[in-house]
Engineer: 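Got a structure for you, questions after.
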Amino acid sequence: MKPHKQIKDWGLGLSSPLIIAGPCSAETPEQIEQICKEMKEENTVPQLFRAGIWKPRTRPGSFEGVGEEGLKWMEIVRHHLNIPITVEVGNAAHAELALKHKVDVLWIGARTTVNPFAVQEIAEALRGSDVPVMVKNPMNPDLDLWMGALERMHAVGIDKLAAIHRGFSDAYDKRFRNKPNWSMPIHLKRVWQGMEVINDPSHIVGRRDGLLEVAQRAMNFGLDGLMIETHHDPDKAWSDAKQQVTPKALKQMIQSIDFKEPLENMKPDERLQDLRRAVDHLDDQLLDILQERFAVIDQIGTHKREHHLTVFQSNRWKEVMESRTQKGVAKQLSEKFMKELLYCIHEESVKRQEKQLREAEPLKK
Ligand code: PEP
Ligand code: MN
């Protein structure tokens, strides 16, 4: 994807770490007004105010949002807090209405990101506009689907983009409402340099306790902001009552978080530079060793070919896996890491040897 504009260049006066807060759903004008007043009183005005106007509910019969009417109430936020607002859009009609009411930033929800038809429809409705769009990860841990939604926006000329990590639904792990998968947002940032990812601990945890821990982890990993559902009377909220916090609790939480400095903002740091040089050197050594290892693997491949042996030998694999994992664990490397590393190396070895078999001249009988 071609370069996109970072949050600081959206023209809305926003910066990283971006703090987004506001209710899961806009319920009444009085509710919006009360939340704004308490945010002001508590001196915890976010940079961007969120509110769900159309609510994608998993099952019918629950509160599905106030609809277009709620967009008019966003004026209350502008009046009291003088900050930009963001709402979720789930189809082209929502997108058109949000543009009509001059919503500052749009977001695409997890249930929409999974559907390329809906994402494309929204993208078409936004063509020619300059509105920033934040794309939540899809319900399932599929990085391509997440990237695809961002690409569809970019393809129609939306270049003010960010992503939101809100966790993934998991049939078995009930510790979270949506289980975080930290490697995925980090991978997104690796493949698209400069792509900012906001963390949404509210939908990850699904309860008030535990929000701080997830938010802190997100900052430790270097994510670029937080979206926290905030309501003046959370227990009476019409949606996601268990996970919303009061403006007062929001303030306490933000104060407790240790926001890390992005390295780009730091002065040159001698010690860090030294350590990084050491890592560079070790990585070079690691690559040399891998190169040597694969050269031996190729020789084994030739031998197997000459003796009509299959590439994959399960006993040998089992032995390699067990002995190396044990050695790794003894060196304080985690078992999970060792297994993943060995799978990765072994898969590459098997593929190389099988390629050798395919490409080799047939052996003379
Ligand atoms: C929300 O932000 O209220 C919401 C519906 O989130 P998600 O799309 O992450 O479920
Ligand atoms: Mn919600």
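Indexing begins at 1, ligand by ligand and atom by atom, following the structure's order.
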Engineer: Quick test of your reading of the model: are Arg175 and Asp173 salt-bridged, counting only N-O distances below 4.0 Å?
Structural biologist: yes

Engineer: Using non-hydrogen atoms of the residue, decide whether Met227 is closer than 4.0 angstrom to ligand 1.
Structural biologist: no

Engineer: If we only count N/O pairs under 3.5 Å, is Asp200 in contact with ligand 1?
Structural biologist: no

Engineer: Can you list the ligand 1 atoms lying under 4.0 Å from a non-hydrogen atom of Gly109?
Structural biologist: 8 (O)

Engineer: Under 4.0 Å between a side-chain nitrogen and a carboxylate oxygen: does that hold for Glu348 and Lys351?
Structural biologist: no

Engineer: Indicate whether the side chain of Arg152 and that of Gln120 have a donor and an acceptor atom separated by less than 3.5 Å.
Structural biologist: yes

Engineer: Will you find, in the side chains of Arg111 and Thr58, an N or O donor that is under 3.5 Å from an N or O acceptor?
Structural biologist: yes

Engineer: Counting from 1, what ligand 1 atoms have a heavy atom of Cys24 closer than 4.0 Å?
Structural biologist: 3 (O)

Engineer: When only distance counts, is Arg50 in polar contact with ligand 1, meaning an N/O pair under 3.5 Å?
Structural biologist: yes

Engineer: Any idea which of Lys55, Glu88, Lys136 brings a heavy atom closest to atom 3 (O) of ligand 1?
Structural biologist: Lys55

Engineer: Given the Mn ion (ligand 2) as the apex, I'd like the angle to OD2 of Asp240 and SG of Cys24, rounded to 10 degrees.
Structural biologist: 100°

Engineer: So, applying side chain to side chain donor-acceptor pair (under 3.5 Å) with His80, which one of Lys37, Glu75, Glu33 is it?
Structural biologist: Glu33

Engineer: Within ligand 1, which atoms have a heavy atom of Ala110 less than 4.0 Å away?
Structural biologist: 8 (O)

Engineer: With a 4.0 Å cut-off on N to O distance, would you call Lys236 and Asp233 a salt bridge?
Structural biologist: yes

